Amino acid sequence: MMETLAVAYGGTVEVQATTINNLNRRYEHFFAQQCESLSQTYNRFNYLVNDMRRLGIIRHSSQLVLNFLDSLGKSWEHHVHVLKIGEKIDSMDLNSLFGNLRNYEETKALRKEIMKDSDKEKFVALMSRKETIKHISESENSDQCKQSDEDLTNELLASVALIVKPYKESRANRVRRAQFKGSNSVKRSTS
């Protein structure tokens with residue numbers, strides 16, 4: 001009776017051997033997929049390792065860690081290199097490695113968000129300077145106000161002109177190139 005249940009749920013010896021070979025092959029050729037998150041890659045790898053353990057294939061923790069690190073994509077290349085050089089890698093298990101990688105991923109995302117915010121602050125700083133100009137002009141005497149307001153306006157216009165000039169020049173160059181290409185195609189068609 002027990003043998004019948006073992007064959008029904010576990011398969012015959014040949015089926016188990018084939019399953020073990022397939023699991024080993026999947027383990028050796030495991031890579032993160034292109035559109036896959038770190039959590040999805042970890043879950044797939046963990047399912048594979050659990051299936052291997054269920055069939056009696058036991059891998060050492062350091063082998064699992066190194067194989068998982070090697071499976072990650074190019075975006076993880078630098079962090080993987082740093083982890084492999086470090087001394088902690090020998091004492092890490094798969095769960096602590098995943099925690100370390102998640103921490104790095106979250107820190108990287110937070111830094112990216114902060115950088116976006118700092119770009120917005122630069123724009124706001126320009127606007128706040130304009131508000132300061134208005135505030136100064138309202139608080140000073142009318143004669144001084146007109147003079148300082150004109151100076152500040154000229155200074156602001158000069159700054160804007162410096163910013164806009166490269167864009168204007170590049171647009172003029174594109175127009176010239178387009179006109180030149182158009183005149184060359186007309187010359188070719190007439191000859």
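Every heavy atom of this structure was used, including side-chain atoms; hydrogens, water molecules and symmetry mates were not. Keep in mind it's a predicted model, so treat the numbers as computed, not measured.
- Asp90 CG to Ser61 OG: the interatomic distance, rounded to the nearest 0.5 Å, is 10.0 Å.
- Looking at every heavy atom in both residues, Lys84 comes nearest to Ile89 through O-CG2, 4.1 Å.
- Counting heavy atoms from C-beta outward, Arg44 and Gln33 have side chains that approach closer than 4.5 Å.
- With hydrogens and angles disregarded, no donor-acceptor distance shorter than 3.5 Å links the side chain of Arg25 to the backbone of Ile20.
- When side chains are defined from C-beta on, Leu38 counts as touching Trp76, because their heavy atoms get closer than 4.5 Å.
- For the pair Arg102 and Ser39, the tightest heavy-atom approach, listed with the atom from each and the gap, is NH1-OG, 3.7 Å.
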Would you sort out whether Glu28 and Leu23 count as a side chain to side chain contact (heavy atoms under 4.5 Å, CB included), showing the intermediate values? CA-CA 9 Å; Glu28 290 168 2; Leu23 287 174; over 6 Å; no

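- Between Glu105 and Lys108, none of the side-chain N atoms (NZ, or NE/NH1/NH2) sits under 4.0 Å from a carboxylate O, so this pair counts as no salt bridge.
- Going from atom NZ of Lys112 over to atom CE of Met115 covers 11.5 Å, rounded to the nearest 0.5 Å.
- The two residues Gly73 and Ala32 come nearest to each other via the heavy atoms N-CB, 4.5 Å.
- Between the side chains of Tyr42 and Asn95, at least one donor N or O sits under 3.5 Å from an acceptor N or O.
- When the side chains of ILVMFWY residues are joined at heavy-atom separations under 4.5 Å, either directly or via intervening members, Ile57 and Leu48 end up in a single hydrophobic cluster.
- Side chain of Asn67 to backbone of Tyr27: a donor-acceptor contact under 3.5 angstrom is found.
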Kindly indicate, with the supporting measurements, whether the criterion side chain to side chain contact (heavy atoms under 4.5 Å, CB included) is fulfilled by Val80 and Leu101. CA-CA 9 Å; Val80 166; Leu101 294 173; 5.5 Å; no

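- In this structure, the side chain of Gln16 does not engage the main chain of Val13 through any donor-acceptor pair within 3.5 Å.
- When side chains are defined from C-beta on, Met52 does not count as touching Arg26, because their heavy atoms never get closer than 4.5 Å.
- Nearest approach of Leu94 to Val65, heavy atoms of both residues: N-CG2, 3.9 Å.
- In this structure, the side chain of Asn50 engages the main chain of Asn46 through a donor-acceptor pair within 3.5 Å.
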Can Ile58 and Arg53 be said to form a side chain to side chain contact (heavy atoms under 4.5 Å, CB included), step by step? CA-CA 6 Å; Ile58 307 295; Arg53 284 183 185 145; 4.1 Å; yes

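- The backbone N or O of Ser37 sits less than 3.5 Å from a side-chain atom of Thr41, completing a donor-acceptor pair.
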side-chain hydrogen bond (donor to acceptor under 3.5 Å, both in side chains) for Asn21 and Thr18? Distances and angles first, verdict last. CA-CA 5 Å; Asn21 285 337; Thr18 303; 5.7 Å; no

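- Annotation: the span from Leu69 atom CG to Glu77 atom CD amounts to 12.5 Å, rounded to 0.5 Å.
- Interatomic distance, OG1 of Thr107 versus NE2 of His79, reported as 9.0 Å (0.5 Å rounding).
- Side-chain contact between Leu64 and Phe45 is present, with at least one heavy-atom pair separated by less than 4.5 Å.
- From Asp93, atom CG reaches atom NE2 of His60 across 11.0 Å, with rounding to the nearest 0.5 Å.
- Once rounded to the nearest 0.5 Å, the distance linking CG of Leu83 with NE2 of His78 reads 10.0 Å.
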